Amino acid sequence: MSAITEARNSFLDSIISPADLKRLSHEELNRLAHELRQETISAVNKTGGHLASNLGIVEITLALHYVFNTPEDTILWDVGHQAYIHKMLTGRRKQFSGLRQYKGLSGFINPLESNHDAFIAGHSSTSISLAVGMAIARDRLNRDNKVIALIGDGGLTGGMALEAINHLGHIQKNVIIVLNDNEMSISENLGGFSQYMKRIKETFFYKDIKKKIDEIELKLDDSHLNPRLLSMIASVKRQAKERVSSPGIVFEKLGINYTGPVDGHDVAATIEAFDSVKDRAGPQLVHLITQKGKGYKPAEEDAIKYHGISAFSLEKVEPVLPAKPKAKTYSHAFTEALIDLAEIEPNMVAITPATAEGSGLVKFGKAYPDRFFDVAICEQHAVTMAAGMAKAGLKPVVSIYSTFLQRAMDQIIHDVSILNLPVIFGIDRGGLVQDGETHQGVFDISYLRAIPNFTVLAPRDTRELRNMLYTALKNPRGPLAVRFPRDKAINADQKNPFELMEFGKWETMSEGENVILLAYGSMVKIACDALPGLKDKGIVPKVINARSCKPLDEELLDRLLKEPELRIITLEEGYKAGGFGSAVLEHASQLKFAHPERSLAPVACLGIDDHFVEHGDRRTLLDLNQLNTKQVVEQVSRYAKSTV
Ligand SMILES: Cc1ncc(C[n+]2csc(CCOP(=O)(O)OP(=O)(O)O)c2C)c(N)n1
C-alpha cells in the first residue's frame, strides 16, 4: 500500500456516522478497512502521529461500532492513542489535516471533541477502572447501556488495570473488556502476563494439532498399534484438549468470563465474538489477536519505529541536498551520559517504565543489558523498586517522563524520600509537549519541591546535565531529580570530562544592572536570547542560571533581595503555582518575616498560569504561555520600567 497515493474512498465517503456501518456486509466492511488504513497512512504522513497502533486496530474498531451503539453504549479507550479510526467513523474524518496541531484534532480521545468519546485518556491502564465506575453508576441509575473497556496488552501490564480486574471479578458487573493483544507495548511487551497471553495464543496451534490427531485416529486401526505409541497420542491429545478447553483460565479464576483467542483482523469473527458476549451477565473479556502496523509493510516489519512517527517520514523523496544529521535531543544526551557513567560507577543501574525508545535508553540496555530494567507500564513499581535497590546498595537512575512520574507520587514520598534514599530521577519531557493536557510535563517542579529531602535540578545544557548526574552519583544526597525538556540539546556534542558541582550555587551568565533574570533549566537560553531585545529597550539585566530549585542559592538570593531598587524576575517552563518562582517568593517572605524593617526587591514570576495546556507543537505552546523570547522581552521591559 502506498503512503502517497490518495485513496479513492467509495465506502468511507458514505460513512457519516457509525449507524452507516450497520448496513454493510462483512465483505464491504473488509473493503472499508482497507480504505481506512489508506486514509490513516496519508493523514499521519502529513501530521505525524501514532501509526502502527491505529493500523492494528481497524477491524476491532469497525466491529465495535457494528455491534454496539455509541454514544449510548460506552467505549473506554485505554491510552487513547489508537482511536484514529474511531474518530474517522464518528464524524471527524475531515479534521485529520489538523491532527495534533494547535486547535486541530487531538491525537487522543476527548469528550470535548465528540460525544462518542466517553472519557479522556493519555495515560495508560485506566479504562477498566472507568468501566467499573460507569457500570456501577449505570446500574444504580437504572440504565441499560453496555460498558466496554478497550485495552492493549501493554496497558494490561499497568497496576491499575490489574487492580480493576481484581475488583470487577469481585463485584461481577456487566462490563466487557476487549483486549487488543499485539504483543507490543511501545517496545516489545514483557512480563509474566505477556508470557501467559503467548501461551493462550498457542491454542490456535493446539486446536490444529487436535483436529489433525482426530483425523489420523479415524483412519487408524488401534489394535495394530504399539501401546507406547497409543499412549503418546493420547497424552498429546489430552494436552491439546486442556489448552483448547481453558485458554483463559487465569481470567476465569479471577471471575472474568473469557472468550478467545480470536483473530482481531477477521471482521466477521470479531463481530461474532462481540455478539456472543454482548448480552451475557457478568464481566466478559474478549481476547483479540492483532498485528501492530497491519497493512503497511514498513510498520508491520518495524512496529517500534512506527509506534509514533513524525510528519512526512513515510514519503521517500529523493534528497536534493545531503540529509542533515538529526539533532541530538536531551534524551540522547542523558542516555550518553548514563553510558559513560556506567563505566565508572559499577553499581549504577537504569530503570524505565516502558519508555525505553522515547528516552533513548534502548542504547543503554544494549551496552549494559544486566544493568537495565524495563518494568513495563509500571511507574509505581519502577520507583519503589528503585527505593529497594538504593537501600540495598545500588545506585538506581529512574528515567521517566515528567507526566508519567505523576503516577508514582506516593512511592516517591513514602518509599524513597522518608528514608532519604539516593534514587536519581532523570525527568524527560519536563515542560510543554505536543500531545496536550494529558501529557504536559509541567507539574514536576511544584510537586517535587514540596517533598523534604529532595534535590530538584534543571540543567541549562548538556554539559551541566552530565555534571549533575555525575555529582549525584559520586556524592549521593538522597532523592534527586534532574529535569530536561523534549527538545534539541544545547551543546550536545560537549562530552566534557565529568566535574563535581555544588548544587546550591547558581551561575551568573551575564552581568547587568537593576534587573535580575533568575532562569530555570530550559528558560536560561530564552533569558539569554532576550538580552539583545532588552538592550534595544535600554535594559541590561543580569542573567542567572538558577539551576537548583531546591536548594536555592540562598546566599546569592539574600544579597539580591536586600537591594530594594532591583527588579527580580523568575522564569520557568512549569506551573507558577508552587514552582521555582514560588520558591523564590517564599524565601523573600521568610526574609521579610525575619527582618520586617527591611525593604526587599520585588519579585515577579513568568511561567504557566492556572490552566490546562492543550495540544500543539512546543513552540506554539511556549508562545501561548508568554514564554518565547520576544514575549519575555516585552514583559521584562514593562516590569522593569514600572515603579513599585
Ligand atoms: C502511564 C503511562 N505510561 C507510559 C505511557 C506511554 N505509552 C503510550 S502508548 C504505550 C504502549 C501501549 O501499549 P498497548 O496498550 O499494548 O497499545 P498498542 O500501542 O500496542 O496498541 C505506552 C507505554 C502512557 N501512555 N501512560
Side-chain angles (χ1 to χ4, degrees), residues 40 44 49-61 76-86 107-109 120-129 149-163 177-191 193-194 197-198 264-265 287-294 299-300 302-309 351-359 361-362 374-383 398-409 411 427-429 433-441 486:
T40 304
V44 173
H50 287 102
L51 185 63
S53 311
N54 281 290
L55 293 178
I57 204 164
V58 176
E59 288 82 6
I60 295 182
T61 312
L76 295 150
W77 294 76
D78 208 84
V79 186
H81 64 307
Q82 76 294 49
Y84 295 0
I85 307 299
H86 160 77
F108 291 82
I109 205 92
I120 57 146
H123 288 201
S124 121
S125 318
T126 61
S127 61
I128 307 178
S129 297
L150 173 58
I151 188 165
D153 56 306
L156 198 64
T157 60
M160 264 185 90
L162 302 178
E163 291 169 31
I177 301 170
V178 174
L179 174 59
N180 173 24
D181 179 4
N182 54 25
E183 296 189 13
M184 300 292 292
S185 189
I186 294 176
S187 318
E188 237 159 77
N189 203 10
L190 46 88
F193 241 98
S194 172
M197 247 101 74
K198 277 192 186 141
H265 295 305
H287 185 187
L288 298 162
I289 313 302
T290 60
Q291 182 182 18
K292 209 160 166 169
K294 177 82 176 174
E300 285 181 3
D302 191 349
I304 296 177
K305 178 172 163 198
Y306 287 90
H307 175 84
I309 51 148
I351 301 165
T352 175
T355 42
E357 297 294 330
S359 63
L361 235 64
V362 168
D374 183 345
V375 296
I377 312 180
C378 305
E379 288 78 8
Q380 301 168 342
H381 165 61
V383 171
V398 180
S399 158
I400 195 159
Y401 295 2
S402 168
T403 187
F404 301 140
L405 186 59
Q406 288 159 204
R407 276 275 162 99
M409 187 67 191
Q411 287 69 18
I427 302 188
D428 201 333
R429 286 131 166 92
V433 296
Q434 180 154 16
D435 282 332
E437 290 92 331
T438 53
H439 282 68
Q440 299 300 350
R486 180 176 203 184

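Note that the structure is a prediction, hence the values are computed from the model and not measured. Counting starts at 1 for both ligands and their atoms, in listed order.
For ligand 1, the atoms closer than 4.0 angstrom to any heavy atom of Met184 are 13 (O), 14 (P), 16 (O), 20 (O). In the vicinity of Asn182, heavy-atom distances shorter than 4.0 Å reach the ligand 1 atoms 18 (P), 20 (O), 21 (O). Residue Gly154 approaches ligand 1 through these ligand atoms, each under 4.0 Å from one of its heavy atoms: 13 (O), 14 (P), 15 (O), 16 (O). Close approach of ligand 1 to Arg407 is summarised as follows: ligand atoms under 4.0 Å from at least one heavy atom of the residue are 1 (C). Each of the atoms 18 (P), 19 (O), 21 (O) of ligand 1 lies under 4.0 Å from some heavy atom of Ser53. Short contacts between ligand 1 and Glu379, defined as distances under 4.0 Å to a heavy atom of the residue, involve ligand atoms 1 (C), 2 (C), 3 (N), 4 (C). Listed by atom number, the atoms of ligand 1 under 4.0 Å from His307 heavy atoms are 9 (S), 19 (O). For ligand 1, the atoms closer than 4.0 angstrom to any heavy atom of Ala354 are 23 (C).
Ring centroids of His123 and Phe108 are separated by 6.0 Å or more, keeping the two rings apart.
Distance alone, capped at 3.5 Å, is enough to place a donor-acceptor pair between the Asp78 side chain and the Ser127 backbone.
The proximity of Ile186 to ligand 1, defined as any non-hydrogen pair under 4.0 Å, involves the side chain as well as the backbone. The backbone and the side chain of Asp153 each have at least one atom closer than 4.0 Å to an atom of ligand 1 (non-hydrogen atoms only).
Checked against a 3.5 angstrom limit, the closest N/O atoms of Pro353 and ligand 1 fall outside it.
Among His81, His123, Gln82, His439, the residue whose heavy atom sits closest to atom 17 (O) of ligand 1 is His81.
Judged by the shortest distance from any of its heavy atoms, Lys292 lies inside the 4.0 Å radius around the atoms of ligand 1.
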